[in-house]
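First up is the structure itself, then whatever we jot down about it.
Within every chain, numbering begins at 1; the chains are lettered A, B, ... in the order of the sequence lines, protein sequences first and strands thereafter.
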Amino acid sequence: MNIKPPVPEETSQQQNVPIYLPPVLFNGVYVIGDFPYDGRTSLPFANAHYGTLKGLCRTAKLNFDECVQTNLVPFFPANAFISVEQQAYVTQSLEQIVETFKTHPPKAFIFLGRQTLRHFKRGADGVDSERGAPFLWQGIPSIATFHPRELYSQFDYYAVVESDFGKAARYAINGWTEEKLEITYAPTFPECVRFLQMLIERRPYISTDWESVDSILGKYSLATCIGFGINGKKAFVIPFVREGGKHYFSLEEEIVIWRLVAKALESCPQLGHNICQYDHWFAAYHCKILMHAVDDTMFAFWEIYTELEKSLSFCASIHLDVSYWKNELKLARSGKVPRDREFIYNGRDNCVTIQVAQSTGKEIKELPPAVRAHYKFNIRCSRIFQYMSLRGCVVDRDKLRDRVSKLTLETASEAKLLEEQAGRKIKVTSPKQMKEWLYRDLRLPVRYKPVKQDDGSIEEKETADFLALAYTAREYPDLPALMTAALLRKKIKRLSSLNAIRLGPNGECYWNFNLIGTETGRASGYKPYCGLGVQPQNVDRRDRDLFTAGYGMVWGKCDLEGADAWTVAGQLSLLGDDTMLKDLLSGLKPAQILSLATIVGEEVIGWSQEKLKPLLKLHKPFLKTKEGKQIYDTDKSVSHGTNYMMTAPTMHITIFQKSKAELFVPIKQCEKKRLLYLKRYPGLEKLYAHIPTLINSHGYIDCPSGMRRVFFGRADNHRTRVGLSLIPQNNTAYATNRALHNLYFDDYNRRDKTTSLIIQPMNQVHDECDLAFHENEIERVREIFTKATDFDSEVWGTHFKIPFDPNYGPNWGECETGIYGDE
DNA sequence: TTAGGGACGTA
DNA sequence: CGTACGTCCCTAAT
């Protein structure tokens, strides 16, 4: 059921004081909101809102009681929305604010809330985009930010709003004026030549930025300009288009310019925002230019605050005092402002990037040296990911066609079967139709699932997902249609993923990555910008056999073995429990020990490694039987889940779900196993307690890679789980990237120590490296791989070496030959 | 035509 | 109340 919070009644204006004037001292700051807390308050800001603002002001060294306080509307409007009819109140309020200037001359304004900014800044993009960017209202410096009401549901922004208040306090004392930038955006041909030749000769450290548009002719992009930032105030932009889409230069001129641009981009060390990924890819893919990108403000900003937004305007809103400029590009392209405003915009981007770099650089220097080391490491790693993006792989088109037709036939016949079993047609891909069929037509008991809301709360929602169907099918064995529908929908999803694959003429398949795409330090994968390829990290296992290395090479699939478990073992060691580490060092996987306890008896859970080793050898063949495999799968889920504080009911659910409803392990049994696991590794419960202590004492966790995760969310139970998964995820990603790093940068993997790679990286899937090499070079590959993976990991003072399990074969899905030979 | 959600794939 | 992601389809709003 959907229970909405009671909406306070709309009240008359007279009940509220529309404006609060500080009785004695006035600090020059006006705090202006949209409307008051509720209908009963007699002050512009009351109760929790007052408390939050008081705190925000205190951090900014302001006394909230010394601020002028008011709202646009003096009462709580219906539906918490200021309607057009209420515009009169807003006008009145604005007049009153200006009137107050006489007694209380303003030095800075703070505007609070999503409904407020547009009344003070014409054509504003909204607080989500423009918060933290200073502007003038009535000639006075102003900052828009979120309202305490909005902070309540988006608590992550608290620190950001704090920063905004800090800015306003600063402007109230020092004032604010926009820094003038010196941007050359309409250069002549000789000016361009002279500028580019200067870059080529002196090779200065500059910022660069492309602007591009998608071509209407197909899936490729065209550069509209390229800009060069000389310093934080000066930029030079070379435009390629004029009003109406015509070329800016003549063909002959443009050819000269492009040659010089290529040379400059390949020689000058460059800085940019996401330059190491987007610009570098754009230049390489479309222009065959390999940019010499050495610093990236997006990487640097992420290194300081992994949880925050990464856009340049957001970085600027935190670090700088520049006004909002991101709407300029849209305006220039839609024709609302002259076309060349796009080039000014680009020049501004370049200057701001340099300013952000200076500011983030300073901030990183104040952090432990490991943070900067990780930044540098990631900058280097970005080249590998760019290499993998450009290399891609080759999909076996014939096999793909066969797979698609096979699945098409299967889905058609299963759909027919479903129609017979259900006695009607059901579109399984429509959640709406599915729910209607289950809960209205068949009147089956409605199933719910918890869905996370934006504010972090959880709402139970009606669902017809696989789990709901599978549980219902268990309860109603006379309704075979349920399981048919559930499996059919999965198959259709798989088929449509395959149908969505677009490839190059010879099956070329590409992918893109964002090395800093997550809050934990993992990379995220995307379908490529060029459209030809797939998201590399969520390809269905059963279809991985379609992907080949191409060019006569074999596919090498190299997994880290139990990387998460090794990391958890390191954490437990510091907390005085080294059992997991000893188990792993003896070749005993925690899940295997749980299985032995199931097979032999609970008492073995306390046994030493020496006693368990022969026992495992004895029972290993059984664990490979169907019955044994079910036990082992269960124990893998329990051990993995318990590491991350999962509860027994969820383990039961995931086991049921993962096995496609074939493995139903009662909750009680999961709980028994969970407790058994905790009995062997008592340090885990210490870890559950230690993680929140760690976060609460500093507000952050430093990871093995050097990455620092600052926590902005509420200090709730959820945070503990986030913290528990953080270090294993981070360390696994780090180890995988280190292997790729060694392969890419060390001489032993280069022919003649120059350009050509012997083992070519193709893909990374969190704890898996995918590599291409020639099978006839397997001995050399073995040597190289041994060297590349020979490094120590360190977690909380414990050192260990995570083993790799390297295999190869004709394609991604069939890597069954050990690189070191079998066994 | 586009955004948001539901469902489902990966680690 | 494991965590971290991206993509496909459908639906409702524009």
Inset, instruction - Identify the heavy atoms of A:Val394 and A:Ala549 that sit nearest to each other, and give their distance. - result: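 Shortest heavy-atom separation between A:Val394 and A:Ala549 comes out as CG2-O, 4.4 Å.
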Inset, instruction - Please report, rounded to the nearest Å, how far the C1' atom of C:dA4 is from the CZ atom of A:Phe711. - result: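 Computing the A:Phe711:CZ to C:dA4:C1' distance gives 13 Å.
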Inset, instruction - Send over the distance from A:Ile516 CD1 to C:dC5 P, rounded to a whole Å. - result: 12 Å
Checking [X] now: which residues fulfil side-chain contact (heavy atoms from CB on, under 4.5 Å) with it, not counting sequence neighbours?
X	result
A:Asn327	A:Asp125, A:Tyr324, A:Leu331
A:Pro649	A:Thr647, A:Ile667
A:Ile653	A:Leu467, A:Tyr471

Inset, instruction - Can you tell me which residue pairs pass the side chain to side chain donor-acceptor pair (under 3.5 Å) test with a partner in residues 482-493 of chain A, sequence neighbours excluded? - result: A:Glu410-A:Lys491, A:Glu414-A:Lys491, A:Gln421-A:Thr484
Inset, instruction - Using the test side chain to side chain donor-acceptor pair (under 3.5 Å), find all partners of A:Lys557 that sit at least two apart in sequence or belong to another chain. - result: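 Per chain and number, A:Lys557 pairs via side chain to side chain donor-acceptor pair (under 3.5 Å) with A:Asp559.
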Inset, instruction - Using the test side chain to side chain donor-acceptor pair (under 3.5 Å), find all partners of A:Arg114 that sit at least two apart in sequence or belong to another chain. - result: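 Expected list: A:Asp128.
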Inset, instruction - Walk along DNA chain B from 5' to 3' and tell me the first and last nucleotide with an atom closer than 4.0 Å to a non-hydrogen atom of chain A. - result: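 That gives a stretch of B:dG5 to B:dA11.
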[X] side chain near [N] phosphate (N/O to OP1/OP2, under 4.0 Å):
X	N	result
A:Lys493	C:dC9	no
A:Thr429	C:dC10	yes
A:Ser497	C:dT7	no

Inset, instruction - Remember a base hit wins even if backbone is also touched, and classify A:Val539 as base, sugar-phosphate or nothing at under 4.0 Å, heavy atoms. - result: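 The answer is sugar-phosphate, as A:Val539 gets under 4.0 Å only of primed atoms, P, OP1 or OP2.
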Legend entry - Residues in ring-ring contact (aromatic ring centres under 6.0 Å, His included) contact with A:His718, at least two apart in sequence or another chain: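 None.
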Inset, instruction - Go through the structure and list residues passing ring-ring contact (aromatic ring centres under 6.0 Å, His included) with A:Phe547, not counting sequence neighbours. - result: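 If we apply the ring-ring contact (aromatic ring centres under 6.0 Å, His included) test to A:Phe547, skipping adjacent residues, the hits are A:Trp812.
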Inset, instruction - Scan residues 725-737 of chain A against DNA chain C and write down, sorted by residue number, each residue with any heavy atom closer than 4.0 Å; if none is found, say none. - result: A:Ser725, A:Gln729
Anything under 3.5 Å between a protein N or O and an N or O of nucleotides 12-14 of chain C, put it in a table, one pair a line.
residue: C:dA12; atom: OP1; partner: A:Lys432; partner atom: NZ; Å: 3.2

Inset, instruction - Could you note down all residue pairs passing salt bridge (Lys or Arg N to Asp or Glu O under 4.0 Å) where residues 636-661 of chain A supplies at least one of them, sequence neighbours left out? - result: none
